[in-house]
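Sequence lines set the chain letters: A, B, ... in the order given, protein chains first and strands last, and positions in each chain run from 1. Since the model is a prediction, treat every value here as computed from it, not as a measurement.
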2 protein chains.
Amino acid sequence: MAESNLRVLLRARPEGAVEHGHFELREEALPSPRPGEALLRNRFLSLDPYMRGRMSAAKSYSAPVELGAVMEGQAVAQVVEDPTGRFRAGDWVLGGQGWQRFSAVPAGQLRKLDPDAAPVTTALGVLGMPGTTAWVGVTEIAPPRPGETFVVSAASGAVGGVAGQIARRMGAKVVGIAGGAEKCAFVREELGFPVCVDHRAPHFAEQLAAACPDGIDGYFENVGGAVQRAVWPLLNDFARVAFCGMVAEYNDAEPAPGPNLMQVVRKRLKLQGFIVRDHPRAFADWPRIGGAWLREGALKYREDVVRGLENAPEAFIGLLAGKNFGKLIIEVT
Amino acid sequence: MAESNLRVLLRARPEGAVEHGHFELREEALPSPRPGEALLRNRFLSLDPYMRGRMSAAKSYSAPVELGAVMEGQAVAQVVEDPTGRFRAGDWVLGGQGWQRFSAVPAGQLRKLDPDAAPVTTALGVLGMPGTTAWVGVTEIAPPRPGETFVVSAASGAVGGVAGQIARRMGAKVVGIAGGAEKCAFVREELGFPVCVDHRAPHFAEQLAAACPDGIDGYFENVGGAVQRAVWPLLNDFARVAFCGMVAEYNDAEPAPGPNLMQVVRKRLKLQGFIVRDHPRAFADWPRIGGAWLREGALKYREDVVRGLENAPEAFIGLLAGKNFGKLIIEVT
């Protein structure tokens, strides 16, 4: 076969901001499937903020990527050949193939996708891990009651966009926070959030307070940093915060101080972190429920598709700075 | 009647540390019961850290004490006369009579105490609001599973001492934190905690880590400050923290920064504040359950009784600095 396997490896661990030099692009020979493995041609690669944690050696909820190893990530692929007989050539599958053009992976770890049921890329975003994360955070960790004010940061993103739509369906008054006027307009007009506040605008904290005249009862935390500091004083008694991520701080070499926790007592707050993979049932529930909403046209999403695996490092660096607009996906050419 | 009514009034609101000048002692005439009221002679007054919040004008979970008004607080009293006929002279009752020798209060708001069932002062401590607080925090907010490591700060105090005994009964490995060798010895030898670490000792953080070789699964937070900072990095994945109070910071004029909250995501922590009065059922449950344990000799407590209402300001200032040893009670002479 004339094709080579382009791969993106972790060359060095970032101390602060991620840079191009932390990655290495390498052309290698195609892998040969071992017994039980299928050979895949990856078509779409998911880039997600959690990957920043995998680049560091520090203890996190998963083992880090080894230096010199291929960057991890979920991908939608087509089967080239499957000696196990489980899949046919051309079948669409979802699995954790990493940042590379081809991969040989155990066929039993792959989930078959039906390209007629939904666009295959939705398995990486709105119906995939990010959408499932939103489902867990809103319905299990910080469920809003009807009429409550529920704030979602990174509201135009893969997780936040879904989180706000679920909370709205549960009867909450949803307030989005996004970076820039264009994203805010999208959140209001396309995703249907009644309000979205631009955290890059001057007087953001005042604008958020004005957008939440009854305070904040629930908060879906994706970003941390200045957004968290603006939300904190607006939390009502008995407010619940689902801590999904703090992407604005992932590149910080030293953790910044957090809020004083006296208000946790005074306001009887509940702050709870979660990671979607601790909730395996949701990976069955959400694609079914969200898939039905999608087909009804009742669930909106946006994908930011970047062509070319060689552009993955640049796109990932931009993701950590909020430069993507919608679920970031690499089209592997 | 020759007796006068000594009262402790709030003269000024502290900005930082509480001082004697914030209080005013005044001798007044005895109050006259209005219709529906009983006249009480207060015998024992409870001093509790939450009262620091009532001295400030800042929004908290209760309205502040007005300037010039009597300081609030629960007291055990004997009835002098009750024109409503509900009580007889000499009956023991519990109510919120404040820092004063005599009070005239609605008879319907008083709870009769049986001095033969338990010492009347236990209604202010081990079986009263502090004990009930411990019951709620351990059994409802951060319940430990058998074998888990459960850390309690202010372990010799009115709340912490009970919290650790309840957690131990639930099968947890309980580690106390207290200030000074004498308090730690009491926590181990009298309250029966297997381990107690002195937060005033050098290398406290290292000693705490050594006392928790399997990390910390549950933490009952009473103090904040340096103790909170030592506990934070030891929290395990899925650890739960019951935020009951942060007494070490109550006198701070400006709130100190708290921990960065990224670990809330990474470790899937649950931090939850609570206030006992939001849990009314516990006020029926705990005196019954704790009372039975007490009669069996299975619940230990210590009271720090200071004679003389005129000494209440000094004792309260000491309470905020951890100078009391056990539940602080003023014997009103």
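- Residue A/Asp278 touches chain B through its side chain alone, counting heavy-atom pairs closer than 4.5 Å.
- The parts of A/Ile275 that come within reach of chain B are both its backbone and its side chain, each placing non-hydrogen atoms under 4.5 angstrom from that chain.
- Within the 4.5 Å cutoff, side-chain heavy atoms of A/Pro259 are placed close to those of B/Leu261.
- Using a 4.5 Å cut-off between heavy atoms, A/Phe238 touches chain B through its side chain atoms alone.
- Rounding to the nearest 0.5 angstrom, the gap separating the CZ atom in A/Arg268 from the CD atom in B/Gln272 is 11.5 Å.
- Within residues 239-248 of chain B, the residues having any heavy atom closer than 4.5 Å to a heavy atom of chain A are B/Phe243, B/Cys244, B/Gly245, B/Met246, listed by residue number.
- Note: B/Leu271 CG to A/Leu269 CG = 9.5 Å, rounded to the nearest 0.5 Å.
- Without hydrogens or angle criteria, B/Asn260 side chain to A/Ala256 main chain gives a donor-acceptor distance under 3.5 Å.
- Within residues 212-235 of chain A, the residues having any heavy atom under 4.5 Å from a heavy atom of chain B are, by residue number, A/Gln228.
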